[in-house]
Amino acid sequence: MANPQHEGKKFLDSVHQFFDHAASFSRLDPGILAQIKTCNSVYKVSFPVEVDGRVEVYEGIRVQHSHHKLPSKGGIRFSMQVDEDEVKALATLMTFKCAVVDVPFGGAKGGVKINPRTSSVKTLEKVTRRYAAELIKKNLIGPGMDVPAPDYGTGSREMAWIADTYQALKYGETNALGCVTGKPVGQGGIRGRAEATGLGVFYGIREALGDADLMRKTGISGNTMEGKRIIVQGLGNVGYNAAYFCQQDGAIIIGIAEREGGIYNSDGIDVEAAFKHRSETGSILNFSNAKNFENSLELLEEDCDILIPAALENQIHAGNAGRIKAKIIAEGANGPVTRDAEKVLLSNDVIIIPDLYINAGGVTVSYFEWLKNLSNVRFGRMGKRAEEASHRRLVNAIESSSGKSLTTHERSLLIQGADEISLVRSGLEDTMINAYHEIRGVMNRKNIEDMRAAAFLTAIEKIGVSYEALGIFP
């Protein structure tokens, strides 16, 4: 089994190598570049929690990579593999991810060394609340300071516990719910957040497929999702939703890899049915009409048009990169392709749509949730009915002048005003489209061959402008 600390160090080194390569194209002062690269602060804490009559000590960490914009933003993961280098790498990526999609946050990340699968709900709640309290008393969390979100091993339940803990210790603070995002809708969350990262992956892939210049060297024909063969690694929140939306748009999901193994069917796999099968049996294996792969990593090497690694970092490395047959890799996870692997893949004309762009849907919609919490009003609440009244007058005028009547269903579709989820998805789609074309513009202007370097450079230049405008204090 791989050493988690070694894996974390490899991940951080890989992120720094990506940064250094992109920074070589930058005009910024070397001192500014050094500041952009460095993590601003690292807080590590050990705290006791009573579990079944025994006192156990847990380790927590929070890294704030950049304060060029506040608050900083990044998820909290619960895993026994959490280590400082891994969290630093993830916080660093968050800074650039936010900059790429024009979300006004610095990057951060956190984690607690705990196994969420073997811990009771009661224990998880105690650990989550105590970890939140440790951050609160050091002023390392808050709507204007640092806003966590879910990550591997956490979800809306844990975010609700954190929000409640913050409200209890910061009683009466108007914007308290903005201390964390990814909350349940009933506790200040936003509709569309759960599927946001996967949906963003879909929007990014769709935009790339429509890019004739980029697709020319892949040999992929057609500029739509229709008929594209996709293999997904990870059937969690990101992988499931990315696969689902791609399948809804005509793609064929031929393979799904998970930690216990993988399944393959060249004719296609029903994503919803596979998800249900795994939920009911505890394993993705032995799905109807699918071939089992005992070693799921071997499934990544099968022939396909698009590979979506949506699990953990360092999954594609120098050892297996040469056997990857996908024409496009869309990084649904953070850091699934190492720097050494990328060199091999690029030499084989594989298009890599990088994590700091393609999986930024989550932080984009987290930003929308944060704005909702600060404004204390649901998106669409004030304008939906007025918009529908305006549309209704227009439809009535068209029917009156044409002498023809629309069906009830047609009228409903035309009159419907924008509610929260439609506004969220519209904002996400616009964000992913604009960021894609900004990255492609940098590739063309700077004569950069790969999307990751262009995405990093886009982010570096934006952050550098912030530092230059702010000045250096004192």
Task: Full working for side chain to side chain contact (heavy atoms under 4.5 Å, CB included) between Phe379 and Ile421 - done: CA-CA 8 Å; Phe379 291 138; Ile421 193 166; over 6 Å; no
Open item on the list: Show, in sequence, the C-alpha distance, side-chain angles and deciding distance for Val42 and Glu84, and conclude whether the side chain to side chain contact (heavy atoms under 4.5 Å, CB included) test is met.
Closed with: CA-CA 8 Å; Val42 179; Glu84 183 177 331; 4.1 Å; yes
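In terms of heavy atoms, Phe11 sits closest to Asn334 at CZ-O, 3.8 Å. A pairwise comparison of heavy atoms in Leu457 and Phe25 identifies CD2-CB, 3.7 Å as the closest pair.
Between Ser296 and Glu258, the side chains place no donor N or O within less than 3.5 Å of an acceptor N or O (distance only, hydrogens not considered). Between the side chains of Asp419 and Ser422, at least one donor N or O lies within less than 3.5 Å of an accepting N or O. No side-chain N or O of Asn40 forms a donor-acceptor pair with one of Gln64 less than 3.5 Å apart. In summary, the side chains of Ser366 and Thr181 do present a donor paired with an acceptor at a separation below 3.5 Å, with no hydrogens or angles considered. Side-chain contact check for Asp211 and Tyr436: at least one donor-acceptor pair (N or O, by modelled atom type) lies under 3.5 Å. Inspection of the Thr92 and Thr95 side chains reveals no N or O donor paired with an N or O acceptor under 3.5 Å.
Around the NZ atom of Lys325, the shell of radius 6.0 Å holds more than 12 heavy atoms that belong to other residues, nucleotides or ligands. By the neighbour-count criterion of 12 heavy atoms within 6.0 Å, atom NZ of Lys217 is densely surrounded, having more than that number from other residues, nucleotides or ligands. More than 12 heavy atoms of other residues, nucleotides or ligands sit less than 6.0 Å from atom CG of Asp349.
For Tyr58 and Tyr131, the ring centers are positioned 6.0 Å apart or more.
Between Asp85 and Lys9 there is no salt bridge, since no side-chain N of the basic residue sits under 4.0 Å from a carboxylate O of the acidic one. A salt bridge does not link Glu56 with Lys126: none of the charged nitrogens is closer than 4.0 Å to a carboxylate oxygen.
Arg452 forms a cation-pi arrangement with Phe18, by the criterion of a distance under 6.0 Å to the ring centre and an angle within 45° of the ring axis.
Among residue pairs with one or both ends in residues 242-252, none qualify as side chain to side chain donor-acceptor pair (under 3.5 Å); sequence neighbours excluded.
Residues Asn115 and Ser79 are not in side-chain contact: their nearest non-hydrogen atoms beyond the backbone lie 4.5 Å or more apart. Residues Ile205 and Ile308 have side chains in contact (heavy-atom distance under 4.5 Å, counting atoms from C-beta outward). Here the side chains of Gln81 and Lys113 are not in contact, with every heavy-atom distance at 4.5 Å or above. Considering only heavy atoms from C-beta on, Val103 stays 4.5 Å or farther from Thr431 through its side chain.
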